[in-house]
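The structure appears below as structure tokens.
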Amino acid sequence: METKSPARPWGVLVGALVLVALVAVWATQGTLAGSGLPIGRAATIAVGMTLQAIPFLLLGVFVAELIEAFISPALIARVFPTNPVASVLTALVAAFLLPVCDCSAVPIFRSLLRKGVPLSAATTLMLASPAINPLVIASTYYAFGSWAIVGARIGLSIVVAVSVGLSMLVSPPSALREDAHVHHGDSCGCDGGCETPDRSFSGVLGATGHSFGRILPYLLGGVAASTAAQVFWPVSSLLAGLPAPGALALMMAAGFALSLCSSSDAVIARSLASLAPQGALMGFMVYGPMMDVKNVALLSSQFRGAFVLRLFATVTGIAAAVIGGAWWMGVLA
């Protein structure tokens, strides 16, 4: 069998050029101030978000390539039980141990599916890992200084992630674009005649660069959309006087549009605590890490459109029902 030889990561070069251009605009914002457009603020937001997201995305791609190269379907089968419910619970434990954000979780999700992990379990891991890992717990407590808030965020995130994962057992959709790559054959993950991944350090790095370059443009597109939302959509002024359902919907929409990293979104949520009730803040901190503009862009780069649409609708509906229900029952203030 031949060893894979990754293509040159031209996407990385394009992404680097875009980032340099953003930094240049940010550095010359004083000169551009006379245009009347918030160019400087937009560049600051875009540069900050890109620099925040890239390390996590790179980490996720690297872990995904390690899984591709070294984790066999036989090992995956031993780790994840055949029972669907037990497999989802196993994914939940793994999600707690992975200190990743949604950018990292998407490539890991794809790699696990390619190795034969059930869609329900892989979906649970992807949704839960950015919301319940130790970094998120620490940052949420740092922002609010309340274990009750931390417990509410983790508990609601677990209920939503597990519910969405189990929903994938009903009429399981075809997720991966290249379904032909998902097999349950020999140790390389194929039925035969496939290429063997290059398991050298340089081979893994090369595959990481290639995958990173392929999905980086989608990340930058998500950053551009999120930047526009932050510049032109004044969330704080819209919260005034909203009833509970409206406040929840607005904060969930803000979590989707602003695309903040889950390790830092609690700080932003805390800044809105005087304007939004706790239930609305939970909509921001539970839904945002699971489904945002960057996440959808990354998912669209590697998964079928019908699956991405179903995932978006399911996460949105279940998150609204779970958080709204907890708020209505008085669990949330």
Side-chain angles (χ1 to χ4, degrees), residues 4 6-7 9 11 57 60-77 79-80 82 84 87-88 90-91 94-95 98 100 102-130 161 164-197 204 207-208 210-219 221-222 290-292 294-315:
K4 275 197 294 188
L57 177 59
V61 172
F62 180 65
V63 172
E65 292 301 333
L66 288 176
I67 293 172
E68 286 285 327
F70 295 104
I71 305 299
S72 68
L75 177 59
I76 290 289
V79 172
F80 285 88
T82 54
S87 182
V88 166
T90 301
L98 282 175
V100 299
D102 55 335
C103 298
S104 308
V106 172
I108 294 174
F109 172 55
R110 176 178 178 270
S111 186
L112 289 175
L113 286 181
R114 285 166 55 91
K115 289 294 182 177
V117 173
L119 178 61
S120 55
T123 300
T124 301
L125 191 151
M126 177 184 67
L127 296 177
S129 56
V164 175
L166 292 176
S167 76
M168 294 297 164
L169 295 173
V170 181
S171 300
S174 179
L176 288 167
R177 284 184 174 177
E178 57 274 36
D179 287 335
H181 291 179
V182 183
H183 297 286
H184 303 279
D186 57 24
S187 60
C188 70
C190 303
D191 290 326
C194 64
E195 297 175 325
T196 301
V204 173
T208 299
H210 174 58
S211 298
F212 179 71
R214 187 179 67 249
I215 63 180
L216 183 58
Y218 292 87
L219 172 68
M290 296 185 183
M291 194 59 56
D292 61 32
K294 297 198 314 290
N295 195 346
V296 170
L298 293 174
L299 285 167
S300 300
S301 70
Q302 301 175 72
F303 296 91
R304 296 178 182 271
F307 168 74
V308 177
L309 182 61
R310 171 172 169 174
L311 183 66
F312 170 79
T314 305
V315 172

Checklist entry - Which atom names give the shortest non-hydrogen contact between Ser174 and Phe307, and what distance separates them? => result O-CB, 3.8 Å
Checklist entry - Does any N or O in the side chain of Arg304 come within less than 3.5 Å of the main-chain N or O of Ala175, such that one atom is a donor and the other an acceptor? => result no
Checklist entry - Does the side chain of Val296 reach to within under 4.5 Å of the side chain of Met291, using non-hydrogen atoms? => result yes
Checklist entry - How about Phe303 and Leu298: do any of their side-chain heavy atoms sit closer than 4.5 Å? => result no
Checklist entry - Would you call Pro84 and Val88 a side-chain contact if the rule is heavy atoms closer than 4.5 Å? => result no
Item to check | From CA spacing to verdict: side chain to side chain contact (heavy atoms under 4.5 Å, CB included), Leu176, Gln302 | outcome: CA-CA 7 Å; Leu176 288 167; Gln302 301 175 72; 5.7 Å; no
Checklist entry - Of the non-hydrogen atoms in Ser120 and Thr124, which two are nearest, and what is the gap between them? => result O-OG1, 2.8 Å
Checklist outcome for this item: Smallest heavy-atom separation, Met168 atom then Arg310 atom, equals CA-NH2, 3.8 Å
Next on the checklist: Please report the interatomic distance CE(Met126) to CG(Leu299), rounded to the nearest 0.5 Å.
Outcome noted: 5.0 Å
Next on the checklist: Show the nearest heavy-atom pair for residues Ala121 and Ala91, with the distance to one decimal.
Outcome noted: O-CB, 3.1 Å
Checklist entry - Side chains of Pro173 and Leu119: does their closest heavy-atom pair fall under 4.5 Å? => result yes
Checklist entry - If you take all heavy atoms of Leu127 and Met290, which pair is closest and at what distance? => result O-CG, 3.5 Å
Checklist entry - Does any non-hydrogen side-chain atom of Val164 lie less than 4.5 Å from one of Ser167? => result yes
Checklist outcome for this item: Here the gap from Thr123 atom OG1 to Leu113 atom CG, rounded to the nearest 0.5 Å, amounts to 6.5 Å
Next on the checklist: On a heavy-atom basis, which atom in Phe80 and which in Ser87 lie closest, and how many Å separate them?
Outcome noted: CD2-OG, 3.6 Å
